[in-house]
Amino acid sequence: MSDTYQTVNPATGETLQTYTLMSREQAEDIIGQTHHAFLEWRKVSHSKRAEALTRVAALIRERKDQYAELMTREMGKTLAQGKQECDLCAAICDYTANTGPDALADEQRELQGGTALVTYQPMGVIYGIQPWNFPLYQVIRYSAANLMAGNTVLLKHAANVWGMALEVEKLYRDAGLPENAFRTLLIDHDVSDAVIEHKLVRGVTLTGSPNAGRTVAQRAAKVLKKTVLELGSNDAYLVLADADIPKAVKYCVQGRIYNGGQTCVAAKRFIVDESVYDAFRDAYVAEMKKITFGDPTDDNTVMGPMARKDLRDGLHEQVRQSIENGATCTLGGEIPEGEGYFYPPTVLENVAPGQPAYDDELFGPVAALIKVSGEEEAMRVANDSPYGLGGGIFSKNDERALELARDLFDTGMVNINGYNLAQPNLPFGGVKDSGYGREHGGFGMREFVNIKSVMINQS
């Protein structure tokens, strides 16, 4: 990366803004300022921190149209989905404010000859490295929890959404948090490595690819710092023999094309029992054909462009390699002519091991259909992945679907007979190459705290 970076509208190719990268020295100055803010913020009561997050939620709702328009310009999300993202972020802040004081309260424990206390104390500056696909949510997800815990926060956002990165800094400041409680770093990877190793940075959280996760985790481990990683996935959705096919089709289409398919917990592999495969495939393809893609500012558009040209071209190469290795393209699979980084809804069949559509994450609107014989094979194929973030099951037998989801599905999250994104009150995170650690549901507030035992003996 040069000393400057230009953001680009992916729907038109138009240059939006030019940013100057910060030097290592500038980044280190900001780290120092954020640490000094921590020394004061940690003294603020849980209730006062909660009040600040309630103000953040109100401001997000107030600025929803502004933020949605910025997301659309920078990464191509439709305006409607940008507003939905804002609603989720406001709900996360409210949930964190409402539950934080109890989640972080001191706990009394027994101690022979006295009493004991377990206390959740903030650690310091927490560094977040975040992607572009949900440019507000990815940041709010980790920052609200850590600010509630009494930490202060640094952000390295994906460069193509640096406009939103600076807006989030302004958001927290406008809500009345200390000036340096949340700071955005416009830096490259080399400076980011130095931030990870800086003595005043106490923890690192990353959302990104498994390769990025390995690199960041190894660098943090060398200096004995905890990490939380939310990485990619290849989520499997099982359509069992007794599934409600119209319902399965509805949610499997929604789960594949939401946010242009650029979602970690998108439905990606569709594992369908042979007895209902043809019925599901025919209905699924028919619905995918109806998906409109184009101008993300048009209310009638369901799917905007992909966020960058290199991402669109990389996805197309994965489709091409899958076809070369035996997959059949039933729908889409061709880059459309004209401006913008668009990719059509695409359906691949005869998907098998050795193809990117089976083995890897396809981060775009490409569905992989896999025919299986029976529940046992369906679950085996679902778990035959290095990833383990989310997944789903469609079956009219709710009790059996719950057993499969709870006991056998090797993922951090499972949907039954539907498709849901992140929920403020439920833990979010994965296993295997999808990472470790949890956010939301109160769990994120305890990821980067010092769980301290205080033993009080009778005097």
Side-chain angles (χ1 to χ4, degrees), residues 34-60 88-111 115-128 137-155 168 171-173 175-178 180-183 200-207 225-230 412 422-429 436-456:
T34 309
H35 173 70
H36 285 299
F38 162 71
L39 298 178
E40 296 304 314
W41 182 244
R42 68 178 303 170
K43 300 174 186 176
V44 174
S45 68
H46 292 148
S47 61
K48 291 295 184 183
R49 295 178 205 160
E51 289 174 7
L53 288 180
T54 299
R55 293 193 297 271
V56 173
L59 278 178
I60 292 173
L88 173 60
C89 291
I92 290 167
C93 290
D94 280 339
Y95 178 86
T96 305
N98 292 335
T99 63
D102 287 340
L104 297 164
D106 291 346
E107 299 176 16
Q108 297 288 336
R109 297 288 174 95
E110 293 182 359
L111 177 69
T115 59
L117 189 74
V118 176
T119 185
Y120 300 92
Q121 292 298 312
M123 294 173 60
V125 179
I126 306 301
Y127 178 40
Y137 162 70
Q138 302 284 13
V139 183
I140 294 296
R141 184 170 75 190
Y142 84 96
S143 60
N146 279 292
L147 289 164
M148 183 66 227
N151 297 316
T152 52
V153 176
L154 295 170
L155 165 67
V168 181
L171 167 68
Y172 278 120
R173 195 170 292 145
L177 278 83
N180 294 303
F182 178 102
R183 294 295 303 272
L200 295 179
V201 172
R202 295 294 300 274
V204 183
T205 179
L206 172 136
T207 300
K225 291 180 185 177
K226 181 181 179 180
T227 51
V228 168
L229 304 178
E230 194 274 281
Q423 304 295 311
N425 64 322
L426 295 176
F428 186 99
Y436 49 77
R438 291 294 181 269
E439 297 170 301
H440 297 329
F443 296 89
M445 287 184 275
R446 291 185 175 183
E447 285 286 1
F448 292 105
V449 292
N450 176 10
I451 305 175
K452 184 185 296 185
S453 297
V454 180
M455 290 158 280
I456 309 157

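On a predicted model such as this, the values are computed, not experimentally measured, just so you know.
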CG (Asn151) and CZ (Phe448) are apart, to the nearest 0.5 Å, by 8.5 Å
- Quick one: do the Thr34 and Asn180 side chains pair a donor with an acceptor below 3.5 Å? no
* Asked: Counting distance only, does the side-chain N/O of Lys225 pair as donor-acceptor with the main-chain N or O of Val204 below 3.5 Å?
  -> no
Carefully, step by step, assess Arg109 and Leu117 under the rule side-chain contact (heavy atoms from CB on, under 4.5 Å). CA-CA 6 Å; Arg109 297 288 174 95; Leu117 189 74; over 6 Å; no
Can you tell if the side chain of Thr152 reaches within under 4.5 Å of the side chain of Phe182, non-hydrogen atoms only? no
query: Is there a side-chain contact between Tyr172 and Ile140, using heavy atoms and a 4.5 Å cut-off?
result: yes
(Q) Counting only heavy atoms from other residues, nucleotides and ligands, does the tally under 6.0 Å from CZ of Arg183 exceed 12? (A) yes
Shortest non-hydrogen pair, Ala422 vs Leu88, comes out as O-CD1, 3.7 Å
* Could you label the plane-to-plane angle of the His440 and Tyr137 rings as parallel, tilted or perpendicular, counting under 30° as parallel and over 60° as perpendicular? => tilted
Looking only at atom types and distance, does a side-chain atom of Arg49 sit under 3.5 Å from a main-chain N or O of Val44, one as donor and one as acceptor? yes
Distance col, row Arg55:CZ vs Leu177:CG, nearest 0.5 angstrom, shows 7.0 Å
For Arg42, the salt bridge (Lys or Arg N to Asp or Glu O under 4.0 Å) test, sequence neighbours excluded, returns none
side-chain contact (heavy atoms from CB on, under 4.5 Å) with Tyr95: of Thr99, Ile92, Asn98, only one passes, and it is Thr99
Note to self: Strictly distance-based, threshold 3.5 Å: is any side-chain N or O of Arg446 a donor or acceptor partner for the main-chain N or O of Ala103?
What the structure shows: yes
Would the distance check show the side chain of Glu447 and the main-chain N or O of Glu439 forming a donor-acceptor pair, the cut-off being under 3.5 Å? no
| request: For residues Leu147 and Val56, determine if any side-chain heavy atom of one lies less than 4.5 Å from a side-chain heavy atom of the other. | output: no
> Is there a donor-acceptor pair under 3.5 Å between the side chain of Arg438 and the backbone N or O of Pro427?
Replying inline: no
CG of Leu229 to OG1 of Thr205, rounded to nearest 0.5 Å, is 7.0 Å
Correct closest heavy-atom pair for Ala37 and Ala181 would be CB-N, 3.9 Å
Mark yes when over 12 heavy atoms from residues, nucleotides or ligands other than Glu110 sit less than 6.0 Å from its CD; otherwise mark no.
-> no
*Go through the steps for Phe443 and Leu426 under the test side-chain contact (heavy atoms from CB on, under 4.5 Å), then give the verdict.*
CA-CA 9 Å; Phe443 296 89; Leu426 295 176; over 6 Å; no
Please walk me through it: do Val228 and Tyr436 pass side-chain contact (heavy atoms from CB on, under 4.5 Å)? CA-CA 6 Å; Val228 168; Tyr436 49 77; 5.6 Å; no
Closest non-hydrogen atoms of Met123 and Asn450, given as atom of the first, atom of the second and distance, are CG-N, 3.6 Å
Interatomic distance, CG@Leu206 vs OH@Tyr142, rounded to 0.5 Å, equals 10.5 Å
Between Pro101 and Thr96, the two heavy atoms sitting closest are CD-O, 4.4 Å
So CE of Met148 and SG of Cys93: to nearest 0.5 Å the spacing works out to 11.5 Å
Smallest heavy-atom separation, Met445 atom then Leu104 atom, equals O-CD2, 3.7 Å
d(Trp41 CH2, Lys48 NZ) to nearest 0.5 Å is 11.0 Å
Taking every heavy atom of Asp94 against every heavy atom of Ala57, the minimum-distance pair comes out as OD1-CB, 3.3 Å
